[in-house]
Amino acid sequence: MPYDVKDISLAPQGKQKIEWVQKHMPVLEHIKKEFEKTKPFEGITIASCLHLEPKTINLGLTLQAGGAEVAMTGCNPLSTHDDATAAGAALGLNMYGWREETNEEYYQNIHKVLDHNPDILIDDGADMIFLVHRERKELLSKIKGACEETTTGIHRLKSMAEDGALKFPVMAVNDAYTKYLFDNRYGTGQSTFDSIMGATNMLIAGKTVVVCGYGWCGRGVAMRALGLGGNVIVTEIDPIRALEAKMDGFRVMPVREAVKQADILLTVTGNIDVISGDDFKYMKDGCVMANSGHFNVEINQDDIRKLSVSEKKVKVDIDEFEMEDGRLLYLLADGRLVNLASERGQGHPAEIMDLSFAMQALSAKHILNEDLNPGVHKAPDELDFSVAKLKLAAMDIQIDELSPRQIDYLDNWEEGT
């Protein structure tokens, strides 16, 4: 199988990590066994642009078990685990990517994956989907559809669809219940603080933690900050989410006021310039900034560099900026999503990605089985329910079912009380 990875000799180390996550991804393992029997992807090529780490390689192996030729590259230049990509290549996946790619290498590797002439795309952030529409239009007639698993990507694709520019169907895996209620909330919350504490060895208890954005990722980050003893402030632009944050027990205020109090500042909005311009002038000495949104645009690094008098790397994942008045501000992981781009970042727990990648695999199969129009499509509820039931069974949890009389009562509007 073709591959271009940093060091193929790292494969044994990567295989150990993959075997470990497989033990903690029972839903995906169940689907893999079903795929081995039914071969739903026989003769199909699937291209993915995802964070290349052990759990993602396990998704690739699941699709491979279903008969697919699988080509994979990374969706972030700093999130690739080189031992995992080596293992993937050794296990027969077409792997392209390494940690610390240049921007040029990043796009070259996406092109290499697309050179496999895929039938289905699985994307994280939608860079591969956009590249096909901009530069690889010759592939559009063959592509049956795609899956997208991030909030950021879905927002961009919906805008594309509204403009009539999206030429094939995309399954909004991010909008599946078993994805955003768990991956975005519990996964982002835990993995963000895993990485921050691993990079800084800081105590969270007693610190003022500002969380910019109260979507499902922001909810998870705020929840974990509170659980670790942080004093949490939330900033929001959506009045309903802001009201929800207030009633969840958090202080809510504009960014400009919040940055004055922040010991730790986290962006999780999916938008650009959340922290920018004069915001840096109001920050406390020693403020630590990190981002858990998909792209490194939420904290404007051009602006902080214009305002600082010096910059140096004080640890592998920590850049220090000295301001004119002597204040020191710190940025983690180059402003990229800290839970994966940090050297200590392992991404979401395997038990969480078990749900998300199960939805990816089933949504890819759904694309083949259904005649979908171009546009963004929500995954059918029955896929969500099947994943949730499999997860409950793996956890040895049983739940109740409605009796025939209860079903009849709910369905019959003429039934009296």
Side-chain angles (χ1 to χ4, degrees), residues 51 74-80 99-108 110 124-127 130-131 134 150-153 155-156 159 192 195-196 199-200 209-213 217-218 221 235-237 254-343 345:
H51 299 290
C75 65
N76 187 300
L78 287 180
S79 66
T80 295
R99 186 177 176 85
E100 298 183 340
E101 297 171 341
T102 65
N103 195 57
E104 182 181 6
E105 290 169 338
Y106 171 74
Y107 284 103
Q108 285 175 349
I110 296 177
D124 189 317
D127 276 352
F130 294 137
L131 190 64
R134 287 195 303 262
T150 66
T151 305
T152 301
H155 282 320
R156 299 168 80 195
S159 296
T192 294
S195 294
I196 290 173
T200 66
V209 181
V210 172
V211 179
C212 299
C217 292
V221 170
T235 74
E236 247 301 341
I237 59 162
V255 166
R256 183 57 55 82
E257 295 303 312
V259 298
K260 298 175 183 178
Q261 303 181 48
D263 297 304
I264 301 171
L265 189 148
L266 301 168
T267 54
V268 274
T269 71
N271 211 332
I272 194 170
D273 290 346
V274 180
I275 305 298
S276 60
D278 289 347
D279 291 335
F280 301 105
K281 294 181 178 179
Y282 295 92
M283 291 182 179
K284 294 166 58 175
D285 182 35
C287 180
V288 173
M289 297 172 284
N291 169 55
S292 277
H294 185 76
F295 293 112
N296 62 333
V297 297
E298 303 205 22
I299 301 171
N300 191 310
Q301 294 179 58
D302 289 336
D303 287 352
I304 192 173
R305 288 190 171 97
K306 289 175 185 175
L307 294 169
S308 64
V309 295
S310 69
E311 174 186 353
K312 66 178 180 180
K313 190 168 288 293
V314 293
K315 288 182 70 177
V316 172
D317 288 324
I318 307 176
D319 289 308
E320 177 187 88
F321 296 88
E322 183 179 355
M323 312 308 284
E324 289 184 353
D325 57 5
R327 286 175 301 119
L328 299 176
L329 305 179
Y330 298 96
L331 179 66
L332 303 187
D334 217 21
R336 297 189 181 275
L337 68 174
V338 70
N339 57 342
L340 277 156
S342 167
E343 187 178 50

What distance do [X] atom [atom1] and [Y] atom [atom2] have between them, rounded to the nearest 0.5 Å?
{"X": "Met289", "Y": "Leu266", "atom1": "CE", "atom2": "CG", "answer": "11.0 Å"}
{"X": "Tyr106", "Y": "Asn76", "atom1": "OH", "atom2": "CG", "answer": "7.0 Å"}
{"X": "Leu340", "Y": "Thr192", "atom1": "CG", "atom2": "OG1", "answer": "9.0 Å"}
{"X": "Leu78", "Y": "His51", "atom1": "CG", "atom2": "NE2", "answer": "11.0 Å"}
{"X": "Thr152", "Y": "His294", "atom1": "OG1", "atom2": "NE2", "answer": "6.5 Å"}
{"X": "Asn271", "Y": "Phe295", "atom1": "CG", "atom2": "CZ", "answer": "12.0 Å"}

Practice problem: Would you sort out whether Leu265 and Cys287 count as a side chain to side chain contact (heavy atoms under 4.5 Å, CB included), showing the intermediate values? | Solution: CA-CA 7 Å; Leu265 189 148; Cys287 180; 4.2 Å; yes
If you look at every heavy atom in [X] and [Y], which pair is closest and at what distance?
{"X": "Lys315", "Y": "Ala199", "answer": "NZ-O, 2.7 Å"}
{"X": "Ala258", "Y": "Thr235", "answer": "CB-CG2, 3.7 Å"}
{"X": "Gly125", "Y": "Thr150", "answer": "N-OG1, 3.3 Å"}
{"X": "Ser292", "Y": "Val268", "answer": "CB-CG1, 3.3 Å"}
{"X": "Ala262", "Y": "Val210", "answer": "CB-CG2, 3.5 Å"}
{"X": "Ile275", "Y": "Met283", "answer": "CG2-CE, 3.4 Å"}

Counting only N and O atoms by type, is there a donor-acceptor contact under 3.5 Å from the side chain of [X] to the main-chain atoms of [Y]?
{"X": "Asp334", "Y": "Arg336", "value": "no"}
{"X": "Glu298", "Y": "Thr269", "value": "yes"}
{"X": "Asp303", "Y": "Ser276", "value": "no"}
{"X": "Arg99", "Y": "Ala341", "value": "yes"}
{"X": "Asp285", "Y": "Leu328", "value": "yes"}

Any side-chain heavy atom of [X] within less than 4.5 Å of one from [Y]?
{"X": "Pro77", "Y": "Glu105", "value": "no"}
{"X": "Ser308", "Y": "Met323", "value": "yes"}
{"X": "Glu311", "Y": "Ile304", "value": "no"}

Quiz item: Hey, are Asp127 and Arg156 close enough for a salt bridge, meaning a charged N less than 4.0 Å from a carboxylate O?
Solution: yes
Self-check item: Check against side chain to side chain contact (heavy atoms under 4.5 Å, CB included), Tyr330 and Thr200
Solution: CA-CA 10 Å; Tyr330 298 96; Thr200 66; over 6 Å; no
Quiz item: Should we count NZ of Lys306 as having more than 12 external heavy atoms under 6.0 Å?
Solution: no
Quiz prompt | Audit row: Asp278, Arg256, side chain to side chain contact (heavy atoms under 4.5 Å, CB included) steps and yes/no | solution = CA-CA 9 Å; Asp278 289 347; Arg256 183 57 55 82; 3.9 Å; yes
Practice problem: Kindly indicate, with the supporting measurements, whether the criterion salt bridge (charged side-chain N to carboxylate O under 4.0 Å, His left out) is fulfilled by Lys312 and Asp319. | Solution: CA-CA 6 Å; Lys312 66 178 180 180; Asp319 289 308; over 6 Å; no
Practice problem: Using the side chain to side chain contact (heavy atoms under 4.5 Å, CB included) rule, take Phe280 and Ile299 through it: C-alpha gap first, then chi angles, then the decisive distance, then the call. | Solution: CA-CA 10 Å; Phe280 301 105; Ile299 301 171; 4.1 Å; yes
Practice problem: Starting from the C-alpha separation in whole Å, work towards a yes-or-no answer on side-chain hydrogen bond (donor to acceptor under 3.5 Å, both in side chains) for Thr267 and Asn291. | Solution: CA-CA 5 Å; Thr267 54; Asn291 169 55; 2.9 Å; yes
